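Working notes, beginning with the structure itself.
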Amino acid sequence: MNTEDIALFVEIARHGSFAGTARARGTDPSSISRSVAALEAQLGVRLFQRTTRRLSLTEAGEACLARVAPLMDELEDALAATRDTRARPRGTLRLSASVAFGQQIVVPLLGGFRRAFPLVGVECLFTDANVDLVGERVDLAIRLAPAVEGDVIVSKLMDTRYLVVASPAYLAGAPALHQPSDLASHRVLRFPLRDYRSRWLFRGPSGEIFEQPVDGDLVLAPAGAIRDAAVGGLGPALLPDWLVREDVASGRLVRCLADWAVTATRFDTAAWLVYPSRAHLPAKTRAMIGFLREAHSGTA
């Protein structure tokens with residue numbers, strides 16, 4: 001068994017097909033199939049369920065991918081960093097992120113990045129749409145989601161979670177807010193997506209998950225507008241921890257219902273670094289990836 005076999009397994013899992021991996025590598029699908037069969041024989045387990053229409057990971061395959069994919073990413077980064085030791089990062093980096101994440105997380109880091117890499121300019125495209133990386137010539141994107149799919153390279157930047165927050169002034173004059181069902185007595189601040197508008201999901205201390213309907217007459221976007229409205233005392237809001245961390249620490253916002261995990265979609269969410277291809281990754285992109293990881297080293 002060698003690292004190339006493991007790298008091939010990770011690549012197939014990310015492409016979702018033998019044929020797609022073969023095209024990306026410029027090789028024959030039959031050779032890909034033989035390599036996977038050899039790896040499965042060495043491990044003594046089946047990694048993929050294969051039919052004429054669909055390729056999916058087995059339970060053993062999913063467990064293997066979860067362990068080896070981060071290791072292969074780190075190995076590739078280490079090798080590429082070694083190759084790049086003589087190449088000083090330079091050029092213009094096009095970076096995409098959501099509006100709120102870009103303003104709250106990315107912009108405060110740009111000064112430090114510019115001091116560390118003075119030959120790299122940065123063009124930031126902050127939008128809540130998932131941009132076409134190739135079509136928009138984006139070198140690196142940061143996406144917030146439970147997972148990122150597609151023919152792209154993905155690695156986790158940091159875990160994220162959601163909190164219910166409200167201002168002290170609002171809570172002082174509002175009905176009690178001690179348990180999720182109390183939200184029925186509040187006009188919450190809502191985000192204009194279906195799941196966020198109508199109900200929030202809660203997971204209790206014993207692991208039980210239940211839906212709590214929510215309602216409110218203020219619907220705002222982007223997320224930063226909801227955060228500002230919450231600070232202004234206009235109602236409770238469901239917001240990501242990275243957006244309200246400083247407000248909670250300073251007392252501008254209070255975390256409510258802290259005994260429950262809460263989300264609008266899925267509980268396990270993250271910020272992901274996304275880029276079009278690992279092949280010949282420019283030094284400027286690798287520099288930003290390393291800088292962001294260092295800045296958030298303790299949050300992944």
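Predicted model, so just to flag it, every value in this text is computed and none were measured.
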Donor-acceptor under 3.5 Å ([X] side chain, [Y] main chain):
X      : Y      : answer
Gln212 : Trp200 : no
His186 : Pro175 : yes
Ser206 : Glu208 : no

Side-chain contact, heavy-atom cut-off 4.5 Å: [X] with [Y]?
X      : Y      : value
Leu163 : Leu239 : no
Val122 : Met288 : yes
Asp215 : Arg190 : yes

Show me the donor-acceptor pairs within less than 3.5 Å that the side chains of residues 134-149 make with the rest of the protein, sequence neighbours left out.
from: Asp139; atom 1: OD2; to: Arg94; atom 2: N; distance (Å): 2.8
from: Arg143; atom 1: NH2; to: Val131; atom 2: O; distance (Å): 2.8

Inset, instruction - Begin from the C-alpha positions of Leu218 and Arg187 and carry the test side-chain contact (heavy atoms from CB on, under 4.5 Å) through to its verdict. - result: CA-CA 8 Å; Leu218 288 178; Arg187 292 185 295 177; over 6 Å; no
If I compare all heavy atoms of [X] with all of [Y], which pair ends up nearest, and what's the gap?
X      : Y      : value
Leu243 : Asp247 : O-OD2, 3.8 Å
Ile12  : Thr21  : CA-OG1, 3.3 Å
Thr265 : Thr263 : N-OG1, 3.2 Å
Trp260 : Pro205 : NE1-CD, 4.3 Å
Pro180 : Leu257 : N-CD2, 3.8 Å
Ala166 : Pro236 : CB-CA, 4.1 Å

Out of curiosity, [X] [atom1] to [Y] [atom2], how far, rounded to the nearest 0.5 Å?
X      : Y      : atom1 : atom2 : answer
Leu183 : Leu177 : CG    : CG    : 5.5 Å
Thr269 : Tyr162 : OG1   : OH    : 6.0 Å
Gln103 : Cys124 : CD    : SG    : 10.5 Å
Leu119 : Thr92  : CG    : OG1   : 11.0 Å
Ser167 : Arg252 : OG    : CZ    : 12.0 Å
Leu71  : Ile6   : CG    : CD1   : 8.5 Å

Inset, instruction - For the pair Phe101 and His296, name the ring-plane relationship: parallel under 30°, tilted 30 to 60°, perpendicular over 60°. - result: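 Judged by the thresholds at 30° and 60°, the geometry between Phe101 and His296 is tilted.
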Legend entry - Plane angle bin for Phe117 and Phe291 - parallel if under 30°, tilted between 30 and 60°, otherwise perpendicular: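 Ring orientation of Phe291 relative to Phe117: perpendicular.
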Inset, instruction - Check the pair Val164 / Phe202 against side-chain contact (heavy atoms from CB on, under 4.5 Å), numbers first and verdict last. - result: CA-CA 11 Å; Val164 176; Phe202 286 87; 4.3 Å; yes
Can you confirm whether [X] is buried at [atom1], in the sense that more than 12 heavy atoms of other residues, nucleotides or ligands lie under 6.0 Å from that atom?
X      : atom1 : result
Glu246 : CD    : no
Glu62  : CD    : yes
Asp268 : CG    : no

Legend entry - Partner residues of Glu74 under the side-chain contact (heavy atoms from CB on, under 4.5 Å) criterion, sequence neighbours left out: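 Testing Glu74 for side-chain contact (heavy atoms from CB on, under 4.5 Å), a comparison that skips the adjacent residues, returns Arg293.
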Are [X] and [Y] linked, directly or through other ILVMFWY residues, by side chains that come within less than 4.5 angstrom of each other?
X      : Y      : value
Val219 : Val99  : no
Leu8   : Val45  : yes
Leu201 : Val165 : no
Val244 : Phe267 : no
Leu157 : Val107 : yes

Inset, instruction - List for me each residue that meets salt bridge (charged side-chain N to carboxylate O under 4.0 Å, His left out) alongside Arg25, sequence neighbours excluded, and say none if there are none. - result: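 Residues passing salt bridge (charged side-chain N to carboxylate O under 4.0 Å, His left out) with Arg25: Glu4, Glu11.
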Inset, instruction - List the steps and the verdict of side-chain contact (heavy atoms from CB on, under 4.5 Å) for Leu171 and Cys256. - result: CA-CA 10 Å; Leu171 293 172; Cys256 308; 4.0 Å; yes
Inset, instruction - Please step through side-chain contact (heavy atoms from CB on, under 4.5 Å) for the pair Val231 and Leu253, ending with a clear verdict. - result: CA-CA 6 Å; Val231 171; Leu253 290 174; 3.8 Å; yes
